[in-house]
Amino acid sequence: MKTGVIGLGAMGKHMAMNLHKQDHLYSVWNRSREKAADLAGECGVSCAESPAALAADCELIIICVSRDADVLEVVNAMADHVRPGTVVVDTSTVSSDTAKEAARKLEDHGAGFLDCPVSGGVEGARNATLAMMAGGDAAALDKVRPVLAAIAANIVHIGPTGSGQACKAVNQLMAAGINQAVTEALAFGQQMGLDMDKVVDVVSNGAAGNWFLSHRGKTMLRGTFEPGFKLSLHYKDLNICKAMGEKTGKNWPMVEMTLLHYRKLMEQGYGDEDISALFRLKTADPASSPG
Ligand code: NAP
């Protein structure tokens, strides 16, 4: 299946390389052309002039760009050129409403659309071990599943268009809660005067153990916040959760609290750090504490 990738950032470039390794990659496009030219040269595939040119050539198009407006910009640019029967898979993290709008646009031109956000970070993208949450037509997913298997180890059809993004919002809200719990508990342990490396080791293997504690616990205790998952990206995702949550008429306090804390950290210049930088606020002196 002739497969094109649009968006060769931290995630998209690895997806493209993994598709290439399985002989699926046909064409790439990136807004900053140099990234696309380099990858196309390395893989010996076509470097498309525009999203429209890529759309005219491909049977499967995988998008991985930043935000809602970016996805719609790319979809609008492709819509008049996409071939009937082509499937467009958006792996960006955006809102369910954006997924529905993109699907409508493409379906008007005879193409299919699946919202397929991913979880697993840059490591998952590099190692092709991403978890993929798919929304849209199950038959369209079955058609492209063998190709998507080159980038994701676990692909689950959640339901109709938009449900993949709603599932990703569940994931992001849960990640916020885990971040709050781990950073606060470790700051509490420090205040108790404990040997915190021992605390991380023993707690990681008990009922409160989790991936975030095991992988980020000791680094945050040493004041190292190299990006695994950028705080500013999680902030974007929690704003998506907030907008989706507002439509339910219920309160989602974890979302509100984490947005407030991330905003403070971003104002202090920590937006490009890992989300575990929340530990900075939990250990700050009370005058500047999170509240
Ligand atoms: P990134 O490294 O910042 O890359 C963003 C990509 O989007 C770049 O290729 C950028 O092009 C392109 N782009 C942005 N605006 C565009 C526009 N208006 N038109 C066309 N292209 C545009 O981001 P990333 O980490 O790869 O993340 C991509 C998506 O995956 C995001 O929605 C993110 O939330 C999601 N995600 C990320 C992770 C993670 O750990 N990083 C994990 C799961 C999901 P340029 O090169 O020209 O800037």
Side-chain angles (χ1 to χ4, degrees), residues 4-18 27-40 47-55 61-79 88-99 102 115-134 148 151-155 164-176 179 211-212 215-216 225-241 243 262 271-277:
V5 176
I6 290 186
L8 303 170
M11 298 292 283
K13 71 177 173 196
H14 292 301
M15 294 182 191
M17 282 309 291
N18 286 326
S27 184
V28 291
W29 181 83
N30 192 71
R31 181 178 58 178
S32 317
R33 190 170 168 77
E34 206 179 310
K35 285 186 202 168
D38 287 351
L39 196 136
C47 181
E49 283 299 322
S50 62
L54 183 143
I61 300 163
I62 296 175
I63 302 173
C64 189
V65 296
S66 306
R67 294 162 199 275
D68 293 68
D70 308 323
V71 170
L72 293 176
E73 196 179 316
V74 166
V75 165
N76 283 330
M78 290 193 304
V88 177
V89 168
D90 180 30
T91 62
S92 324
T93 301
V94 295
S95 69
S96 296
D97 283 351
T98 291
D115 50 304
C116 293
V118 293
S119 175
V122 174
E123 295 104 316
R126 187 186 302 113
N127 300 328
T129 54
L130 293 168
M132 182 175 273
M133 310 147 202
L148 296 182
I151 58 176
N154 187 16
I155 304 169
Q165 294 295 355
C167 181
K168 174 75 187 199
V170 171
N171 186 85
Q172 299 310 78
L173 199 163
M174 204 176 291
N179 192 8
W211 185 95
F212 190 67
H215 288 81
R216 304 283 182 258
F225 307 105
E226 276 166 25
F229 182 29
K230 264 189 209 168
L231 193 141
S232 57
L233 275 183
H234 199 198
Y235 181 78
K236 170 203 66 135
D237 298 349
L238 289 173
N239 272 308
I240 293 170
C241 294
Y262 282 1
D272 282 344
E273 290 192 341
D274 184 73
I275 61 169
S276 54

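Only a predicted model underlies this, so the values are computations on that prediction, with no experimental measurement involved. For reference, positions follow the sequence shown, starting with 1. Whatever order the structure lists them in is the order used to number ligands and atoms, beginning at 1.
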For each nitrogen or oxygen atom of ligand 1, which protein N/O atoms lie closer than 3.5 Å, and how far apart are they, rounded to 0.1 Å?
| residue | atom | partner | partner atom | Å |
| --- | --- | --- | --- | --- |
| ligand 1 | 2 (O) | Ala10 | N | 2.8 |
| ligand 1 | 9 (O) | Leu8 | N | 3.2 |
| ligand 1 | 9 (O) | Gly9 | N | 3.2 |
| ligand 1 | 9 (O) | Asn30 | OD1 | 2.7 |
| ligand 1 | 15 (N) | Arg31 | NH1 | 3.3 |
| ligand 1 | 15 (N) | Asp70 | OD1 | 3.4 |
| ligand 1 | 15 (N) | Asp70 | OD2 | 3.3 |
| ligand 1 | 18 (N) | Asp70 | OD1 | 2.9 |
| ligand 1 | 18 (N) | Glu73 | OE1 | 3.4 |
| ligand 1 | 26 (O) | Ala10 | N | 3.2 |
| ligand 1 | 26 (O) | Met11 | N | 2.9 |
| ligand 1 | 32 (O) | Val65 | O | 3.1 |
| ligand 1 | 32 (O) | Ser66 | O | 2.8 |
| ligand 1 | 32 (O) | Thr93 | N | 3.0 |
| ligand 1 | 32 (O) | Lys236 | NZ | 3.1 |
| ligand 1 | 34 (O) | Lys236 | NZ | 2.8 |
| ligand 1 | 46 (O) | Asn30 | ND2 | 2.9 |
| ligand 1 | 46 (O) | Ser32 | OG | 3.4 |
| ligand 1 | 46 (O) | Lys35 | NZ | 2.5 |
| ligand 1 | 47 (O) | Arg31 | NE | 3.1 |
| ligand 1 | 47 (O) | Ser32 | N | 3.0 |
| ligand 1 | 47 (O) | Ser32 | OG | 2.4 |
| ligand 1 | 48 (O) | Arg31 | NH2 | 2.9 |

Next on the checklist: List the residues meeting side-chain contact (heavy atoms from CB on, under 4.5 Å) with Ser96, not counting sequence neighbours, and say none if there are none.
Outcome noted: Gln165, Ala166, Met244
Item to check | Any side-chain heavy-atom pair of Arg33 and Cys47 under 4.5 Å | outcome: yes
Checklist entry - So, Ser92 and Asp90: side-chain donor and acceptor under 3.5 Å apart, yes or no? => result yes
Checklist entry - What residues, two or more places apart in sequence or in another chain, satisfy salt bridge (charged side-chain N to carboxylate O under 4.0 Å, His left out) together with Arg31? => result none
Next on the checklist: Applying the side-chain contact (heavy atoms from CB on, under 4.5 Å) criterion to Val94, which one of Val65, Val71, Ile63 satisfies it?
Outcome noted: Val71
Item to check | Pairs flagged by side-chain hydrogen bond (donor to acceptor under 3.5 Å, both in side chains) wherever residues 115-130 is involved - sequence neighbours left out | outcome: none
